[in-house]
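Right, one structure below, let's go through it.
Throughout, protein chains are lettered first and strands after them, A, B, ... in sequence-line order, and every chain is numbered starting at 1. As the structure is a computational prediction, the values presented were derived from the model and not from experiment.
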Amino acid sequence: MPVARPETSDARVIAHVDMDCFYVQVEQRKQPELRGLPTAVVQYNEWQGGGLIAVSYEARRCGVKRSMRGEEAKAACPDIQLVQVPVARGKADLNTYRTAGSEVVSILAQSGKCERASIDEVYLDLTDAAESMLADAPPESLESIDEEALKSHILGINREDGDDFKESVRDWICRKDADRRDKLLGCGIIIVAELRKQVLKETEFSCSAGVAHNKMLAKLASGMNKPAQQTVVPYAAVQELLTSLPIKKMKQLGGKLGTSLQTDLGIVTVGDLLQFSETKLQEHYGINTGTWLWNIARGISGEEVQGRLLPKSHGSGKTFPGPRALRSLSNVQHWLNQLSEELYERLSSDLEQNKRIASTLTLHATAFRSKDSDSHKKFPSKSCPLRYGVTKVQEDAFNLFQAALREYMGPFGTKPQGNKKETWRITGLSVSASKIVDIPSGTSSIMRYFQSQSTIPSCSTSGCLQEHVAVTPSASESCSEQKSAETEAAMPPDKDMSITDTSPDLDNSYGNMDMVPEKDVSCQSNEATEFPTQSGSNKGTQTKTSGQKIKEKSRGMHSVVDIFKNYSAAPRSKQETQEDSTVSLTSNRGSLSSSTSHSSEMNKEVGDRRETEWGYKVGEIDQSVFDELPYEIQREFRSFLRPNKRPNAGKSKGDGSASSGIAHYFPPLKR
DNA sequence: ACGGGTGACACC
DNA sequence: TGGTGTCAC
């Protein structure tokens, strides 16, 4: 699965910045009295003291390790301070850590291309910055070198002898006869040291870093001297570093592939790997992975730093181990509601802070079937278009679950196999949102994407759009009677922490699956209109929530989601994919209310040519589709239609031309 | 059948 | 595609 990326010819300067026991630091910043004490962050304290997810270095010295239980940690290190992960909606809530991670990213993103690799890790491409420094103010010209930079570990430079190691570091950095690549790394050292100091100053978090010519080596280096230190891999040190390195230490080789290398080919160290020809490796692992392996054995990796500061998906999940497994639909629904709420909260802030909307909702679950044969059949994951609105996400998630459950339990209708009821247990649930696209920034997003519609070369005609949209799937093919009242009543106010599932189990049997209709059924959402499921393609997610919507879609309605999808498919004008370095922390750059004079001018244009220039008519977007828009977009849409009421109407001419004729197509704002 | 909750990515 | 599997922190 790793894929080979040949090294670019020019030497790059890549840094990997890794926060030291990040969750612990976040908690210690919140509670400074914990600083310096052996500390661990733990979640779910009920069972054996909860599971550790971060351990301070003081605690590590006591022998505490990640993946210990809280009680073990206490045994190993009686003084350890255990801090619990915040809990919301009955599940771990990692938002404080995400936010803290964003703080760091927004600092690190200032100096070059930046990739948020995980919640506490960042890659930086400092090539440009290093080259500039080399040109304008090379290290040898500086009268003093940053003290932090002088503390760097430079592979290949002996650091043991005495306390003049800083001198040797200085010498290395300033060597004027050095290879250009080394000079660039020398600049990188100084830049990274500076960045780390800035991170420490502005966030109080310490971090470690690796500086090298590619991501793989930088990543390797960042872990070599922790905490709060940085390590550099000069080109000349690569071979020595790698030859004795166990392959399992290399990223991507920590799992099955690494094991296979070891057991099938007898490869333990990268040096061993070096002995194998590229073709030999390809024979065993395919062309891509083979080449990739051959390359990394030589320290070659051309993987680029992706300019991405924001996640590409959001997910919310929870496991229900052993005795806590979910055994009833109503309990599953309850938890899906909780997960969906959290997910939606995060989607909302992504929209507000980053102006992005997600378009796909996916449900994952892990399950077991108690009786019966192939019990390791996987529970299928299912996805559908994401409709904005908490209850919509909740409904869709539940519908996806039911569709998947039917598939999982088999194509038998409502009858149990034999006389025993076949039962299921759910041990893990998660909902996630993906395919996140930027909304055209600033103001008038709606108009811009309308405009973009007419400029998309390949797929701008309404015919194409229509076809695309006509069968916009949603989660409700399996749309069951929601029986929400019943469910609500049946659901005990979350006593879930009790060891067993205490909720009623009435509906846990496939024999009782009448509430998960196999065939068509009337879909009772709020506006419940009856409709037939599409006959042939009973394939899971092919129908719309309401019959009304189906009808209207087939008349040529357009889903806003599709519009956005098409928009994002068009070449963006934005040159670099790197977002603003102001990420989320700086809570928002102008909410939609911050409009510009641009908008009024656009409005005028819009007023007259609405139906001719664009591939379709504004009025063709019906209410149900409108409802799928994120609330903020609805709001903007509305202001677009009624310029006089636009938030900063002051600047607008507000000719009102659109206000009467079109506005009635659109319902009151709904959340 | 506890390493939990999240994420990215390659493959088909 | 959407769905699956792997990997990592």
Which distance, rounded to the nearest 0.5 Å, do you find between the CZ of A/Arg196 and the OG of A/Ser206? 8.0 Å

Report yes if a side-chain nitrogen or oxygen of A/Lys251 is closer than 4.0 Å to either non-bridging phosphate oxygen (OP1 or OP2) of C/dC9; otherwise report no. no

Which part of the nucleic acid does A/Leu253 contact within heavy-atom distance under 4.0 Å: base, sugar-phosphate only, or nothing? sugar-phosphate

When the nearest nucleotide of DNA chain B is assigned to A/Glu115 and to A/Leu339 on a heavy-atom basis, which residue is associated with the more 5' position? A/Leu339

So that I know where these two stand, are A/Phe401 and A/Phe379 an aromatic pair - ring centroids less than 6.0 Å apart? yes

Is there a side-chain polar atom (N or O) of A/Lys312 under 4.0 Å from OP1 or OP2 of B/dG7? no

Contact class for A/Glu121 vs. all strands (heavy atom < 4.0 Å): base, sugar-phosphate, or nothing? sugar-phosphate

Heavy-atom distance under 4.5 Å between the side chains of A/Ser328 and A/Asn331, does that happen here? yes

Heavy-atom side-chain contact between A/Leu124 and A/Val122 under 4.5 Å: yes

Using distance alone, with no hydrogens and no angle criterion, decide if A/Tyr285 and A/Ser260 have a side-chain donor and acceptor under 3.5 Å apart. yes

What nucleic acid atoms does A/Gly255 come within less than 4.0 Å of, heavy atoms only: base, sugar-phosphate, or nothing? sugar-phosphate

Report the distance from atom CZ of A/Arg425 to atom C1' of B/dC2, rounded to the nearest whole Å. 13 Å

Below 4.0 angstrom from OP1 or OP2 of C/dG2, is there any side-chain N or O of A/Lys435? yes

So OG of A/Ser222 and CD of A/Gln230: to nearest 0.5 Å the spacing works out to 11.0 Å

Let me check I have this right: for DNA chain B, each base becomes ., (, ), [, ] or |, based on Watson-Crick or G-U pairs with both distances under 3.5 Å. What is the full string? ....||||||||

A/Arg5 side-chain proximity, nearest of B/dA1, B/dA10, C/dT4: B/dA10

Tell me: CG of A/Leu361 to P of C/dG2, nearest whole Å? 12 Å

Looking across every strand, which nucleic acid part, if any, lies under 4.0 Å from A/Met250 by heavy atom: base, sugar-phosphate, or nothing? sugar-phosphate

Rounded to whole angstroms, how far apart are CG on A/Asn288 and P on C/dT6? 17 Å

Is the cationic atom of A/Lys318 (NZ for Lys, CZ for Arg) positioned less than 6.0 Å from the six-membered ring centroid of A/Tyr44 and within 45 degrees of its normal? yes

Phosphate oxygens OP1/OP2 of C/dG3: is one of them under 4.0 Å from a side-chain N or O of A/Ser383? yes

Base, sugar-phosphate alone, or nothing: which one does A/Lys219 contact when heavy atoms must sit under 4.0 Å apart? sugar-phosphate

On DNA chain B, compare the nucleotides closest to A/Ala117 and A/Thr427; which residue's is nearer the 5' end? A/Thr427

Specify the separation, in whole Å, of atom NZ of A/Lys215 and atom P of B/dA8. 12 Å

Suppose you measure atom P in C/dG5 against the same atom in B/dA1; what distance do you get, rounded to whole Å? 16 Å

Are OP1 or OP2 of B/dG7 and a side-chain N or O of A/Ser432 less than 4.0 angstrom apart? no

Figure out the CG/C1' separation between A/Leu363 and B/dT6, and round it to whole Å. 16 Å

Does NZ or CZ of A/Arg60 lie under 6.0 Å from the centre of the six-membered ring of A/Tyr57, at an angle within 45° of the ring axis? yes

Please name the residue in the list A/Leu273, A/Val233, A/Leu220, A/Ile247 that meets the side-chain contact (heavy atoms from CB on, under 4.5 Å) test with A/Leu242. A/Leu220

Using atom NZ of A/Lys378 as one end and atom C1' of C/dG5 as the other, report the distance to the nearest whole Å. 8 Å

Short heteroatom pairs, N/O only, protein and nucleotides 3-5 of chain B, under 3.5 Å:
{"residue": "B/dG4", "atom": "O4'", "partner": "A/Gln43", "partner atom": "NE2", "Å": "2.7"}
{"residue": "B/dG5", "atom": "OP1", "partner": "A/Tyr44", "partner atom": "OH", "Å": "2.6"}
{"residue": "B/dG5", "atom": "OP2", "partner": "A/Thr319", "partner atom": "N", "Å": "2.7"}
{"residue": "B/dG5", "atom": "OP2", "partner": "A/Thr319", "partner atom": "OG1", "Å": "2.9"}

Between B/dA1, B/dG7, C/dT6, which one does the side chain of A/Arg346 approach most closely? B/dG7

Please pick, from C/dT4, C/dC7, B/dC9, the nucleotide with the shortest atom-to-atom distance to any side-chain atom of A/Ser381. C/dT4

Do other residues, nucleotides or ligands put more than 12 heavy atoms under 6.0 Å from A/Arg346 CZ? yes

Over how many whole Å does the gap from A/Ile436 atom CD1 to B/dC9 atom P extend? 13 Å

Can you check the A/Leu257 CG to B/dC9 P distance for me, whole Å? 18 Å

For B/dG7 and A/Arg116 - does any side-chain N or O of the residue sit under 4.0 Å from the phosphate oxygens OP1/OP2? no

Touch check for A/Asp18, heavy atoms < 4.0 angstrom, all strands: base, sugar-phosphate only, or nothing? nothing

Is there side-chain contact between A/Lys226 and A/Asp18, with heavy atoms separated by less than 4.5 Å? yes

